[in-house]
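We use all heavy atoms of the structure for the numbers below, so side chains are in, but hydrogens, waters and symmetry mates are not. None of these values were measured; they are calculated from a predicted model.
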Amino acid sequence: MVYHNLKALIKGIRSCKTVADERALIQQESAAIRASFRDEDSYARHNNIAKLLYIHMLGSPAHFGQIECLKLVASPRFADKRLGYLGIMLLLDEKQEVLTLVTNSLKNDMAHSNMYAVGLALCTFANIASEEMSRDLANEIEKLLGSSNTYIRKKAALCALRVIKKVPDLTDHFVSKAKNLLTDRNHGVLLSSITLITEMCQIDPSVLNEFRNAVPILVRTLKSLVTTGYSPEHDVSGIADPFLQVKILRLLRLLGKGDEHASDTMNDILAQVATNTDSTKNVGNSILYETVLTVLEIEADTGLRVMAINILGKFLSNRDNNIRYVALNTLNKVVSMDTNAVQRHRNIILDCLRDADISIRRRALELSYALINEQNVRVLVRELSAFLEIADDEFKIGMTTQICLAAERFAPSKRWHIDTVLRVLKLAGNFIREEVLSAFIRLVAHTPELQAYTASRLYRALRDDISQESLTLAATWIIGEYSEIIIEGGLVDDDVAKQVTDKELVDLLLSILDSPYANYLTRQYVLSAITKMAARPTTSTTQQERISEVLTQYTTSPELELQQRAVEFASLFNLGELREGVLERMPPPELKATVMGVVSENKPVGSTESRNLLGDEPVTSVNGSSTSPTPNDQQLIAEIFGTSGGSSTPSTSASPQPTSQRTTIDDILGLFGPSNGTTTSTPAVPSISPSLVSTPSLFDSPASPPPQVPVPHPQPAASHLTSYTAYDRNELKITLTPQTSPTRPGVVLILARFQVTGGNAVTGLTFQAAVPKSQQLQMQPMSSPHVNPGSTETQQMRVISPPGANVRLRLRISYTLTGRAVQDQIDFSGFPPGLTGGS
């Protein structure tokens, strides 16, 4: 059965009982349509194309009607043109070869006397134009932008948008015409032209200066929208044309960025929009949000920025979760601009931690981390610790890391620092990173005045709960290391000291071995701890024999590592005095510098994953600001190139080490070779994983190495090093001095020097760097973020690159000079080729 019109076809398809019946009917009708196309009946062609488009909407093939759509477009009847252009838009795309046949029809109809025919051609062009078609018809589009008809100007502006997206080189053709459209009084034309100009500014930044002259026009238009009364044609919830207001604000954001004059011109109107827009409706909130983004992006004055942040704070009290999420997300981006303004909304941000929406809790957590400073560290850490008790497991790893990082950076005292980490260990000991645990142990080792207090607290905590793995590991290590302190002095706390016997300590540690929470790692820690206790004079013979029996039992353990440790520890019991030397208290670990960084749930401590500054690939970008001690140049050179105290660089000779008195350590070293009482070499520095920044513990504090540990004599740096100027603006000069070693091709040590060339001090200096993905970057902290006239601050960098590759850096520098914040970004590739060695 052949259906004569679209209405009959729709009725027939709907009457089908099954999908198979419907498919058969469509195939039958498609065959009839193809046969009808061969008859060249113009009236039937109109109906057939209408039916064919419906069949296409149902998902069946309809490509055979493409040429017939072109024939309809060539018809003088408007109804045929309308249906033909609709068919072209549905059945064709920019990849079809048939599209070249459409260009001439579009060109003819763009010059048509009927504005609706012109509109059909423009609408079709805006939907399917290819790069070739855009080049062919760009002149026609440019002419239509100057049309006297607002209907045509509006559509021509959207076609021009399509042209510059396909062919960015043609942007210059539309600059003057687009600028003239900004004075148009029609809202539709204004909306289209501002969209066009925004896209032009994003595609070709060179046109920004051209449109910055039009900022007063945009300000005047926005002011008329804000102050106008009720306009039924464009009113949305009592606000005049909010879509146009949002478009203008976005364009002002582009034009005001980095331009103080343009920003001054729009400051007043932005303040007016922020104060006069109704925030009770969602439409008003959208305008306020765009206003906030614009204020924060341009060179606005301080008062306007504070007003913008206050608007975001007001959003936090909104009942709509979407608005609260947007506010938290935006505050996370601007907290570095004005921390004090965001601090005013701290209580509301903390309230968001208890929100039922997990995404809001996550954003509030990230913002809370950024708000911590020396003044509020106690309050915020207490709030975060309280939230840690009820937080979801997915938050806990990030929270424990952030709390411990904040404690390390802003702790008012070491005791508060230790108490904070202990509380974290008790609350979420199963969600502690290895770096945090090792940093805590390093902190205790370097704080002898609090070792008794810490050991006592850990003893009580472990006695109450052995289910938290990190708590068990920390307590086991510290009790094993400092057991004589507890036995001799008792449990130290705020109350009266309580005596603890060696039996109680051994009982507690051995209870871990039989615990259902014990695992492979905790058993290793326990065996090491009880072995160390056995070597202490405060441990009785009875307990030593008991420990020996336990070790003997584990010499047949099926776990290889436990068996090996037990065999080695059991053998030490027969070595007499040498056993005491091997198992004596470990010297405090070496202090290292900490690279501070924002840590989220899934990122390693001390680094932030971001976009590659030299491309689109992710790289590790490190902020070099820190307050931790920095090794000198010679020590860093020795570390990087693996030199020891007994070796020298080609241009220098090694200095003899002073003779020291023979100690137990010498006896231990004698196990590995003859010792003459002097130290001629030191172990090589451990290699560092190239994928991570060379960042040690979170909790290091300044201290000197133990006297009994031999320190390598520092090697003098090589002479005749060349410095390259990387930055010299605004009274700040930065030079980079590279150094390489023939024995380590691909490794480049770079010393950055910061000097002030004027009479004003530079404060708050932040120096960041990024390298391509094929290279790795490691940075030491800056010696000081404040550079005074006449002084020189330094920072060490290490680049690991494939031998023969050129070292490229993208540097981001931000600082404050005479009260003005400056931020610059530069690409540096001034090092000589072949710096990394290789062929």
With no hydrogens and no angle check, is any side-chain donor or acceptor of [X] less than 3.5 Å from a backbone partner on [Y]?
| X | Y | value |
| --- | --- | --- |
| Asp465 | Ser467 | yes |
| Ser548 | Gln544 | no |
| Thr339 | Ser336 | no |
| Glu469 | Asn430 | no |
| Ser515 | Ser511 | no |
| Gln795 | Gln780 | yes |
| Thr539 | Met533 | yes |
| Thr454 | Leu450 | yes |
| Asn376 | Leu371 | yes |
| Asn332 | Arg363 | yes |

* When you look at Asp464 and Lys426, which way does the salt bridge (charged side-chain N to carboxylate O under 4.0 Å, His left out) test go after all the steps? -> CA-CA 10 Å; Asp464 296 336; Lys426 288 192 286 187; over 6 Å; no

* Between Phe315 and Thr330, is a side-chain contact (heavy atoms from CB on, under 4.5 Å) present by the stated rule, with each step listed? -> CA-CA 11 Å; Phe315 281 174; Thr330 309; over 6 Å; no

* Asked: Run the side-chain contact (heavy atoms from CB on, under 4.5 Å) check on Arg346 and Leu380 step by step: do they pass?
  -> CA-CA 9 Å; Arg346 188 178 68 200; Leu380 283 179; 3.7 Å; yes

* Scan residues 316-334 for pairs that pass salt bridge (Lys or Arg N to Asp or Glu O under 4.0 Å), counting only residues two or more places apart or in two chains. =>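 Those involving residues 316-334 are Arg324-Asp355.
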
* **Summary of salt bridge (Lys or Arg N to Asp or Glu O under 4.0 Å) pairs that have at least one residue in residues 516-540, sequence neighbours excluded** =>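 Non-adjacent pairs meeting salt bridge (Lys or Arg N to Asp or Glu O under 4.0 Å): Glu481-Lys532, Glu484-Arg536, Arg523-Glu559.
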
Indicate the atoms forming the closest heavy-atom contact of [X] with [Y], along with that distance.
| X | Y | value |
| --- | --- | --- |
| Ala406 | Val377 | O-CG2, 4.2 Å |
| Asp419 | Arg457 | OD1-NH1, 2.9 Å |
| Leu551 | Ala570 | CD1-N, 4.2 Å |
| Gln468 | Gly429 | OE1-N, 2.8 Å |
| Ala445 | Gln451 | O-NE2, 3.4 Å |
| His446 | Pro589 | NE2-O, 2.6 Å |

Are the side chains of [X] and [Y] in touch, meaning some heavy atoms are under 4.5 Å apart?
| X | Y | value |
| --- | --- | --- |
| Leu462 | Ile512 | yes |
| Arg585 | Ile485 | yes |
| Ile309 | His345 | yes |
| Thr400 | Val436 | no |
| Arg409 | Ile372 | no |
| Gln543 | Thr541 | no |
| Arg546 | Val506 | yes |
| Gln375 | Phe410 | no |

* Do Gln553 and Glu549 get their side chains close enough for a donor-acceptor pair, meaning under 3.5 Å? ->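 Distance-only check fails for Gln553 and Glu549.
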
* Without hydrogens or angle criteria, can the side chains of Gln778 and Arg798 be said to hold a donor-acceptor pair below 3.5 Å? ->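 A donor-acceptor contact under 3.5 Å links the two side chains.
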
Enter the distance from [X]:[atom1] to [Y]:[atom2] here, rounded to the nearest 0.5 Å.
| X | Y | atom1 | atom2 | value |
| --- | --- | --- | --- | --- |
| Leu365 | Ile360 | CG | CD1 | 12.5 Å |
| Ile349 | Glu383 | CD1 | CD | 12.5 Å |
| Leu437 | Leu425 | CG | CG | 7.0 Å |
| Ile418 | Phe440 | CD1 | CZ | 6.0 Å |
| Asn519 | Tyr525 | CG | OH | 10.5 Å |
| Ile800 | Leu777 | CD1 | CG | 9.5 Å |

* Asked: Should Asp502 and Ser483 be marked as a side-chain contact (heavy atoms from CB on, under 4.5 Å) after you check the CA-CA gap, both sets of side-chain angles, and the distance that decides it?
  -> CA-CA 8 Å; Asp502 55 347; Ser483 59; over 6 Å; no

* Contacts of type side-chain hydrogen bond (donor to acceptor under 3.5 Å, both in side chains), residue Asp338, not counting sequence neighbours ->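 Not a single residue meets the side-chain hydrogen bond (donor to acceptor under 3.5 Å, both in side chains) criterion with Asp338.
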
* **Ring geometry between Phe395 and Phe387 (parallel below 30°, tilted from 30 to 60°, perpendicular above 60°)** =>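 Rings of Phe387 and Phe395: tilted, 30 to 60°.
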
* Asked: So does Glu389 have more than 12 non-hydrogen atoms from other groups sitting under 6.0 Å from CD?
  ->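 Above 12, so yes.
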
* Asked: So, is the end of the Arg415 side chain (NZ or CZ) under 6.0 Å from the ring centre of Tyr453 and within 45° of the ring's axis?
  ->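 Yes, Arg415 sits over the ring of Tyr453.
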
* To do: Determine, for Arg463 against Glu504, whether the closest basic-nitrogen to carboxylate-oxygen distance falls under 4.0 angstrom.
  =>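 The answer is no: the pair does not qualify as a salt bridge.
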
* Between Phe569 and Ile547, does a side-chain contact (heavy atoms from CB on, under 4.5 Å) hold up when you go through it step by step? -> CA-CA 10 Å; Phe569 293 157; Ile547 292 171; over 6 Å; no

* Working for salt bridge (charged side-chain N to carboxylate O under 4.0 Å, His left out), residues Arg565 and Glu561 -> CA-CA 6 Å; Arg565 285 180 181 241; Glu561 181 67 24; 3.2 Å; yes

